[in-house]
Undergrad: 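Okay, here's the structure, questions in a sec.
In this text the structure is predicted, and so the values were computed from the model without any measurement. In what follows, chains are A, B, ... by sequence order, proteins preceding strands, each numbered from 1.
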Amino acid sequence: MPLLTSMRQLTVFLVFCAACLALPAMASAPLSYDDARHLLNRTGFGATDAEIRRFTGMSREDAARKLLATTRTVAAMPPPAWTAQSGPLRYPRAGADASEMERKQFQQEQIREGLQLRGWWVNEMLTTPSPLTERMTLFWHNHFVSSQQKVRLAELMYRQNVTLRANALGHFGDLLHAVARDPAMVIYLDNARNRKGTPNENFAREVMELFTLGEGNYSEQDIKEAARAFTGWSLDRDSGNFVFRPLIHDYGTKSVLGRTGNLDGDDVLDALLAQRATAEFITRKLWREFVSPDPDEAQVKRIANRFRDTRYDIKVALYELLTSDAFYAKEHRGVLIKSPIDLVVGTLKQFDMRPSEPVPFAVAAAAMGQNLFSPPNVKGWPGGEVWINSSTLLARKQFLDRMFRADDPAGRAAMAPEAMAPVSGQVVATGAVQETDTQRQIRFMRAMDRGFRSVQFESATWLTDLHATDATRVDAATRLLLAYPPQSPPDPASEPLAMVRHIVLDASYQLK
Amino acid sequence: MKRRHFLQLASCWPLASGALLPTASLSWAAAPSGTRYRNLLVLIELKGGNDGLNTLVPYANPTYYGLRPKLAIARDQVIQLSDSAGLHPALEPLLPLWKARQLAVLQGVGYPDPNLSHFRSIEIWDTASGSEQYLQDGWLTRTFAAVPTPVEFAADGVIIGSPDLGPLAGGGTRAIALANAEQFLRQARLAVPEGQTPNLALRHILKVEADIMQAASHLNADYAFRTEFPTGGFGNAIKTACQVIANQAGVAVVRVTLTGFDTHSGQLATQARLLGELANGVVALKSALDELGRWNNTLVLTYAEFGRRPKENLSAGTDHGTASVHFALGGRVAGGLYGEQPALSGLSGDGNTGFAIDFRGVYATVLDRWWGVPSAEPLGGRFAPVALLRA
């Protein structure tokens, strides 16, 4: 009997010990309100108080699993109507054939459609049930860069966006192969002009330097040989679809990163995916997006191995990052600078503002240096401190100032005197080709102004939803809105609108 | 790993070299600080990599015409500057400056072991590093760290029309990025005074706010120029530059960017348009600076990450190259041709040319001869200046 007792005690003791050892791997401490806010703001855009409360108390693992289980492959918002039109792409007739009028008409049509596309995406980011899907789609847009500045056709930019979203949380290898065939990319990096005999190296260079290996992990010879492998990867001008043109493809022997043979483009992409450098390059970039500006190399190697071993499953890499100690570390809170999209979409979302016309908000982000569908060059927006210079910081402050101005009609009118100038109704309705630049600008300013007026911040309702009393509202608002302590804490006695204005104009509001 | 190592070296380097070069430091420390930076530097970045071979055309060289069946500029089109070199016809507005001997044409500006990536190569130019050396701060940032601009200056430098600070990047400089001077002043009231913080991102934001306040308190944008500035983005950038320069409170550097030179396809029309914008912009700049009486203490320099490959590609464009031609202009510039045409017969394995003038030699000219700041420290070595300034 004593033996039995001690045996049972021993068993209990051993089970207890096993549980203790296993504990850190099983579940970490439940997320606090601040932890949940940190997770949702880094993986989405401007989490609301209600969303944060839903994640408070979950384990890190459950929270990451929940975010990753609810991602999407298609947008929730219907795209602009013109994306559904079938038939050949509308190019202007080439060169001298096209009249000045036709060219101008084409150009204005692309500008108009481009703006609608930007508005549609901003709206998707704002309303999607899975903000992480849009964050990753934006991440890949800034990785596999193409710009409407060069591609011109809004239709092709839309199709690329669809491809990025479809694979945004799938496998990186699938995404890479899909992007290499993406018509907008084929135009953007000149592969449509890459022919046997005189290869165009643009795509081959950037696919190694910026999309997979990173600088220093390939030779100039690798680029030349890879360019030959991509010859003939082109697009059909009528349908705008990818097409392989065997007549201009180089079937000779090439040697890329140690692989030799009659390599085609897919073989080269597979050779790039086989390199450890690719997994590490992408992991490092994900780290800078989600965790901190300075990746921990040991952790990067560990996560990159998992990433590569799972055929580049993007969800695996994200799960590792989002459950890591580094992600939740105190020293990594509030150390990333919000992108213009973070600031604009995050502000609208956090303050329950739903514009009837989203285009002005896409334009506002562009004024701060992030024009969706038109990154500055193939390297994309560099981000980090580069987001903030004297010109972009002032554009940010002006936007916030405008969003949280007291609702004083006279003040609003004074804000944009240009918007009040009389314009003929016909010009507004048709956007006639004949209109002068000034007329077009005025029409544009009026549309912008209408968009900004369509959102209104209801400070009283917002504070009620925050479940804060007069005594706690400064703390509650600061905790929700700032990832880092304010530079100058608001006066607890100030009016609700003045308090919110004070918080969003604090330098810490630029951080996430 | 390598990069981190160099960054550490770079961060401790000003102290170390300062200790090694006490005599050099003394000579400039004694000079009145307000005067040297009254000599203004205007940098014009030709972003994307301008094709030097079609900018200064070797019109007497049959090899050139062999390499460029589609893109070559015909002999009777070029503006002949010598019996072998002539300017692209779109640069015709610069001819009066050439005749006045205020335009120096620097041939074959490049560096050893060139890198063909846009991003890495412009980093090399902006930081004045060696090809395998990674530095964090721009060459002007290091210059102003060694010899600061006067405190009463509105800023060290003003960046117009580009989000990146280029040679002014890195800690410490007072650099202002502007799209439009009037708008800047209207918005500047939203900036707030600087605070203290260990958070690096926040520290950056607070520093930018402080720079805005300093600049805004010293700048006006109401000078009425008689000069007519060209329309379009570059013309506006030049106009903004002139509005900044017109202020009594100085700036040492203005950088404007003309972008679009990455002509992998359809080069002829694109480059002609861009060079036309460049030439007309520079002519307006000269005219406006004459109005201000500043042309004689202004040095204008063009730069870019690289030139383009001599052999054209099948897309009627050119791929990334190495050395290129650049311009220096100003009232005290000694006009003429400098360096030498790149040899087109002995191209390297990847089809590119060698270089004749190290770009850091051009920077040494700015530092040693234009500002009287010893160049060895900011440039991390001695580079022979180009004798492009009149005594």
Side-chain angles (χ1 to χ4, degrees), chain A residues 149 189-190 192-202 205-206 209-210 215-216 220-221 223-224 227 248 293 297 331 333-337 367 369 376-379 381-382 384-398 400-401 484-485 487-488 505-508 510-512, chain B residues 1-2 4 47-48 115-120 155 158-160 162-165 169 175-180 183-184 186-192 194-197 199-202 204-209 211-212 215-216 259-260 262 264-266 311-317 319-320 349-350:
Chain A
Q149 298 288 345
L189 290 181
D190 296 312
R193 297 162 181 276
N194 186 10
R195 303 154 154 265
K196 175 184 176 180
T198 9
N200 187 306
E201 294 170 9
N202 207 4
R205 175 182 306 282
E206 307 306 2
E209 179 181 339
L210 299 174
E215 216 239 328
E220 285 293 318
Q221 191 59 29
I223 291 174
K224 285 189 184 304
I248 56 168
E297 279 301 310
E331 64 269 24
R333 303 290 176 98
V335 296
L336 298 181
I337 291 178
N377 56 50
V378 60
K379 204 175 181 178
W381 297 286
E385 293 187 2
V386 179
W387 282 132
I388 303 281
N389 62 42
S390 53
S391 155
T392 58
L393 182 60
L394 290 177
R396 286 171 180 235
K397 295 218 164 193
Q398 192 179 38
L400 294 167
D401 182 58
Y484 199 79
Q487 293 309 288
S488 91
L505 287 172
D506 192 283
S508 291
Q510 304 298 332
L511 304 173
K512 63 172 181 178
Chain B
M1 198 62 202
K2 194 153 75 176
R4 185 161 297 271
K47 203 176 179 80
N115 190 299
L116 300 192
S117 153
H118 286 290
F119 314 105
R120 179 56 193 143
V158 173
I159 300 289
I160 297 164
S162 172
D164 76 275
L165 301 182
I176 294 295
L178 286 179
N180 166 317
Q183 187 190 29
F184 173 81
R186 255 199 328 272
Q187 294 175 342
R189 65 182 172 82
L190 294 168
V192 295
E194 188 173 13
Q196 293 291 323
T197 172
N199 180 320
L200 294 178
L202 187 56
H204 172 73
I205 295 167
L206 296 175
K207 180 177 179 309
V208 171
E209 297 216 28
D211 290 344
I212 291 168
T259 193
D262 194 18
H264 284 281
S265 60
K311 187 173 167 53
E312 68 184 33
N313 64 24
L314 254 201
S315 324
D319 292 321
H320 300 179
D350 60 3

Undergrad: Where does Asn199(B) contact chain A at under 4.5 Å (heavy atoms): side chain, backbone, both or neither?
TA: both

Undergrad: Tell me, for Asp506(A) versus chain B, whether the close heavy atoms (under 4.5 Å) come from the side chain, the backbone, both or neither.
TA: neither

Undergrad: Under 4.5 Å, counting heavy-atom pairs only, tell me which of Asn200(A), Leu189(A), Val386(A) racks up the most with chain B.
TA: Asn200(A)

Undergrad: For Glu385(A) and Lys207(B): C-alpha separation, side-chain torsions, deciding distance, then whether salt bridge (charged side-chain N to carboxylate O under 4.0 Å, His left out) applies.
TA: CA-CA 11 Å; Glu385(A) 293 187 2; Lys207(B) 180 177 179 309; over 6 Å; no

Undergrad: Search all heavy atoms of Trp387(A) against all heavy atoms of Thr392(A) and return the closest pair with its distance.
TA: O-OG1, 2.6 Å

Undergrad: Could you tell me whether the side chains of His118(B) and Asp262(B) share a donor-acceptor contact shorter than 3.5 Å?
TA: yes

Undergrad: Can you see which heavy atom on Ala507(A) is nearest to which on Ile205(B), and at what distance?
TA: CB-CG2, 4.0 Å

Undergrad: Which region of Pro376(A), side chain (C-beta onward) or backbone (N, CA, C, O), has a non-hydrogen atom less than 4.5 Å from a non-hydrogen atom of chain B, or is it both or neither?
TA: neither

Undergrad: Given that the side chain runs from C-beta out, which part of Leu210(A) has a heavy atom under 4.5 Å from chain B: side chain, backbone, both or neither?
TA: side chain

Undergrad: Against chain B, work out which of Glu215(A), Lys397(A), Lys379(A) has the most heavy-atom pairs shorter than 4.5 Å and name it.
TA: Lys379(A)

Undergrad: Output yes when Glu220(A) and Arg205(A) qualify as a salt bridge under the 4.0 Å nitrogen-oxygen rule, no when they do not.
TA: yes

Undergrad: Let me know if Glu206(A) has heavy atoms under 4.5 Å from chain B in its side chain, its backbone, both or neither.
TA: side chain

Undergrad: So for Leu511(A), is it side chain, backbone, both, or neither that comes closer than 4.5 Å to the heavy atoms of chain B?
TA: side chain

Undergrad: Which heavy atom of Asn313(B) sits nearest a heavy atom of His264(B), and at what distance?
TA: ND2-O, 2.9 Å

Undergrad: Please identify, among Arg195(A), Gln221(A), Glu209(A), Glu331(A), the residue contributing the most non-hydrogen atom pairs under 4.5 Å to chain B.
TA: Glu209(A)

Undergrad: Measure Leu394(A) against the heavy atoms of chain B and call it side chain, backbone, both or neither at under 4.5 Å.
TA: both

Undergrad: Where do Gly334(A) and Tyr484(A) come nearest, in terms of heavy atoms and distance?
TA: O-CD1, 4.3 Å

Undergrad: So which of Lys224(A), Gln149(A), Gln510(A) has the biggest tally of heavy-atom pairs under 4.5 Å with chain B?
TA: Lys224(A)

Undergrad: Under 4.5 Å, counting heavy-atom pairs only, tell me which of Ala169(B), Gly48(B), Ser265(B), Ala188(B) racks up the most with chain A.
TA: Ser265(B)

Undergrad: Between Asn389(A) and chain B, with a heavy-atom cut-off of 4.5 Å, which part of the residue counts as in contact: side chain, backbone, both or neither?
TA: both

Undergrad: Which value, rounded to the nearest 0.5 Å, describes the distance between Arg396(A) atom CZ and Ile337(A) atom CD1?
TA: 7.5 Å

Undergrad: What part of Ala395(A) lies closer than 4.5 angstrom to a heavy atom of chain B: side chain, backbone, both or neither?
TA: backbone

Undergrad: So which heavy atom on Asn194(A) is nearest to which on Pro199(A), and how close?
TA: OD1-CA, 3.1 Å

Undergrad: Let's test your reading of the structure: which of Ile176(B), Ile159(B), Leu178(B), Leu165(B) forms the most heavy-atom pairs below 4.5 Å with chain A?
TA: Ile176(B)

Undergrad: Please say whether more than 12 non-hydrogen atoms of neighbouring residues, nucleotides or ligands are located less than 6.0 Å from NZ in Lys196(A).
TA: no

Undergrad: Need one label for Ser508(A): side chain, backbone, both or neither, based on atoms under 4.5 Å from any heavy atom in chain B.
TA: both

